[in-house]
K.L.:
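Just passing along the structure, written as structure tokens.
All values below come from the heavy atoms of this structure, side chains included, with hydrogens, waters and symmetry mates left out. Residue numbers start at 1 and run along the sequence shown.
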Amino acid sequence: MKGKFYLLNKISSAGASLKAKPPPKHHYKAMLSAKEKKEILQITRNWVETFIIGLNLCPFAKVPYEKNAVRFVIGEAKTMKGFLEIFAREIEFLEKNPTTETTLVILPALGKIELFQAFMQFCEEMIILNAWIQKYQIVSFHPLMRFEGIPTDSPQQLTGIAPYPILHILRVPSVESLGAQIKKDVQAENDKKLSQLAKEDVKKLWEKVLRK
């Protein structure tokens, strides 16, 4: 795994072979206190329990969560390369720990959506360059994420919104196996379910999530 970090130099300088653009220069926030980390982890767990599992937005989430096979990590770094190294380390952790099904990397410092999008694109490039494409895939969540073609205040936007920027690392074989067992269109089911929520319902759900 250590040798693969050399690819980050190519990514950070955005070589001609890569699609990702250099991230904007940015001064990242200072490191979080132990109290802040505890609060962030609790709120993220509340979000998983309330939205992802509670509304069954992801039918694959409940079983590994109840088996304590979901890893929660707060990623802190002072440079974009540092955040990418966090991603690489989490891939390495999953390689060494097969009983951990999936990882949520929480990235409070990437609150600016353009920084988070640059980070996610670089992670996609790393998956390709390191030949992880058959083993891992990533999904993103962000407080400011909105899907085109849907009103910004629509409950249907909730499938991409989280209380913090989150990189979700999944195992491809598990996703494919579970996907084969699901005989329904999950996205269509979610759209139907969420469209029935009133604004007051959504507000109460977020109040539950943000309860410390």
Side-chain angles (χ1 to χ4, degrees), residues 1-8 10-11 17-20 41 44-75 77 81 83-107 110 116-142 145 147 158-162 164-194:
M1 178 63 71
K2 184 177 179 181
K4 290 182 172 61
F5 284 119
Y6 289 116
L7 293 174
L8 298 177
K10 295 181 182 179
I11 292 173
S17 64
L18 304 179
K19 296 178 181 179
L41 288 171
T44 303
R45 286 183 175 276
N46 291 348
W47 168 72
V48 170
E49 293 171 3
T50 302
F51 283 104
I52 306 303
I53 295 175
L55 296 180
N56 198 31
L57 297 182
C58 176
F60 318 133
K62 185 176 181 179
V63 172
Y65 186 77
E66 291 182 343
K67 289 183 176 180
N68 200 31
V70 178
R71 176 172 163 85
F72 292 81
V73 176
I74 295 177
K81 183 176 178 180
F83 285 108
L84 295 171
E85 289 173 341
I86 290 170
F87 171 56
R89 287 198 297 270
E90 289 308 314
I91 293 289
E92 184 175 26
F93 180 91
L94 289 172
E95 287 283 290
K96 294 179 178 179
N97 296 272
T99 58
T100 299
E101 181 59 44
T102 186
T103 299
L104 294 178
V105 185
I106 310 159
L107 303 156
L110 298 182
F116 184 69
Q117 289 173 334
F119 167 74
M120 290 300 300
Q121 194 164 8
F122 282 128
C123 288
E124 292 282 6
E125 297 288 357
M126 284 184 67
I127 289 174
I128 295 170
L129 291 169
N130 289 289
W132 296 333
I133 198 166
Q134 300 299 322
K135 302 182 72 173
Y136 300 101
Q137 68 182 51
I138 55 176
V139 177
S140 60
F141 300 93
H142 195 283
M145 185 176 293
F147 298 111
L158 290 170
T159 54
I161 297 175
Y164 307 100
I166 292 175
L167 162 69
H168 186 191
I169 308 173
L170 303 102
R171 296 181 186 273
V172 170
S174 296
V175 173
E176 292 178 345
S177 174
L178 292 168
Q181 300 173 31
I182 301 296
K183 304 302 180 182
K184 60 184 179 181
D185 186 330
V186 174
Q187 186 59 56
E189 288 282 328
N190 286 342
D191 287 343
K192 180 180 178 180
K193 187 186 312 174
L194 293 173

K.L.:
Is the shortest heavy-atom distance from the side chain of L167 to the side chain of S140 under 4.5 Å?
P.N.:
no
K.L.:
Y65: which residues meet the ring-ring contact (aromatic ring centres under 6.0 Å, His included) condition with it, sequence neighbours left out?
P.N.:
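Testing Y65 for ring-ring contact (aromatic ring centres under 6.0 Å, His included), a comparison that skips the adjacent residues, returns none.
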K.L.:
By salt bridge (Lys or Arg N to Asp or Glu O under 4.0 Å), which residues pair with E101, not counting sequence neighbours?
P.N.:
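Once residues adjacent in sequence are excluded, E101 has no partner under the salt bridge (Lys or Arg N to Asp or Glu O under 4.0 Å) criterion.
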K.L.:
Kindly compute the distance separating CG (L194) from NZ (K192), expressed to the nearest 0.5 Å.
P.N.:
12.5 Å
K.L.:
Take F87 and I169, measure what side chain to side chain contact (heavy atoms under 4.5 Å, CB included) needs, and give me the verdict at the end.
P.N.:
CA-CA 9 Å; F87 171 56; I169 308 173; 3.8 Å; yes
K.L.:
Determine, stepwise, if the pair T103 / I91 fulfils side chain to side chain contact (heavy atoms under 4.5 Å, CB included).
P.N.:
CA-CA 9 Å; T103 299; I91 293 289; over 6 Å; no
K.L.:
Can you check whether P173's main-chain N or O pairs, donor with acceptor, with S177's side chain at less than 3.5 Å?
P.N.:
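No; zero donor-acceptor contacts below 3.5 Å.
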K.L.:
Do other residues, nucleotides or ligands put more than 12 heavy atoms under 6.0 Å from K62 NZ?
P.N.:
no
K.L.:
Working to the nearest 0.5 angstrom, can you tell me the gap between L107 CG and M120 CE?
P.N.:
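Nearest 0.5 Å value for the CG-CE distance: 9.0 Å.
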K.L.:
Looking at every non-hydrogen atom in both residues, tell me the closest pair between L170 and V139 and how far apart they are.
P.N.:
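The pair with the smallest heavy-atom distance is CD1-CG2, 3.5 Å.
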K.L.:
If I take atom OG from residue S174 and atom CD from residue Q137, how far apart are they, to the nearest 0.5 angstrom?
P.N.:
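Atom-to-atom, S174:OG and Q137:CD are 10.0 Å apart.
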K.L.:
Can you name the closest pair of heavy atoms from T159 and F141 and give their distance?
P.N.:
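Closest heavy-atom pair between T159 and F141: O-CE2, 3.3 Å.
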K.L.:
How far apart are the closest heavy atoms of G75 and F83, and which atoms are they?
P.N.:
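Taking G75 first and F83 second, the nearest heavy atoms are O-CE2, 3.8 Å.
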K.L.:
Using side chain to side chain contact (heavy atoms under 4.5 Å, CB included) as the criterion, list what pairs up with I161, not counting sequence neighbours.
P.N.:
R146, Q157, W206
K.L.:
So L84 and C123, side chain to side chain contact (heavy atoms under 4.5 Å, CB included) or not? Walk me through it.
P.N.:
CA-CA 7 Å; L84 295 171; C123 288; 3.9 Å; yes
K.L.:
How many angstroms lie between CG in L158 and CD1 in I52, if you round to the nearest 0.5 Å?
P.N.:
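If I round to the nearest 0.5 Å, the distance is 9.0 Å.
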K.L.:
Applying side chain to side chain contact (heavy atoms under 4.5 Å, CB included), name anything that partners E189, two or more places apart in sequence or on another chain.
P.N.:
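Once residues adjacent in sequence are excluded, the partners of E189 under the side chain to side chain contact (heavy atoms under 4.5 Å, CB included) criterion are K184.
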K.L.:
Quick one: list whatever passes side chain to side chain contact (heavy atoms under 4.5 Å, CB included) with T44, sequence neighbours left out.
P.N.:
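I40, W47, F72, I106, Y164, I166.
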K.L.:
Considering residues at least two apart in sequence or located in another chain, which fulfil the salt bridge (Lys or Arg N to Asp or Glu O under 4.0 Å) criterion with K135?
P.N.:
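Applying salt bridge (Lys or Arg N to Asp or Glu O under 4.0 Å) to K135 gives E95.
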K.L.:
Is the shortest heavy-atom distance from the side chain of Q134 to the side chain of V172 under 4.5 Å?
P.N.:
no
K.L.:
What are the two closest non-hydrogen atoms of N56 and K193, and how far apart are they?
P.N.:
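Heavy-atom minimum between the residues: O-NZ, 3.3 Å.
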K.L.:
Partners of R171 by salt bridge (Lys or Arg N to Asp or Glu O under 4.0 Å), sequence neighbours excluded?
P.N.:
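By the salt bridge (Lys or Arg N to Asp or Glu O under 4.0 Å) rule, R171 matches no residue at all.
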K.L.:
State which residues pass ring-ring contact (aromatic ring centres under 6.0 Å, His included) with H142; sequence neighbours excluded, sorted by chain then number.
P.N.:
F116
K.L.:
Start with the C-alpha gap between N68 and V70, add the side-chain angles, then the distance that decides, and say whether side chain to side chain contact (heavy atoms under 4.5 Å, CB included) holds.
P.N.:
CA-CA 6 Å; N68 200 31; V70 178; over 6 Å; no
K.L.:
Got a donor-acceptor contact below 3.5 angstrom from the N97 side chain to the T100 backbone?
P.N.:
no
K.L.:
My understanding is that only residues two or more places apart in sequence, or in another chain, count here; which of them pass salt bridge (Lys or Arg N to Asp or Glu O under 4.0 Å) with K67?
P.N.:
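None.
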K.L.:
Taking side chain to side chain donor-acceptor pair (under 3.5 Å) as the test, write out the residues that go with E90, two or more places apart.
P.N.:
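With sequence neighbours excluded, E90 shows a side chain to side chain donor-acceptor pair (under 3.5 Å) to R71, given in chain and number order.
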K.L.:
Only counting residues at least two apart or in another chain, list the ones meeting side chain to side chain donor-acceptor pair (under 3.5 Å) with D191.
P.N.:
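Partners of D191 under the side chain to side chain donor-acceptor pair (under 3.5 Å) test: Q187.
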K.L.:
Mind checking what makes side chain to side chain donor-acceptor pair (under 3.5 Å) contact with T102, not counting sequence neighbours?
P.N.:
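For T102, the residues satisfying side chain to side chain donor-acceptor pair (under 3.5 Å) (neighbours in sequence not counted) are H168.
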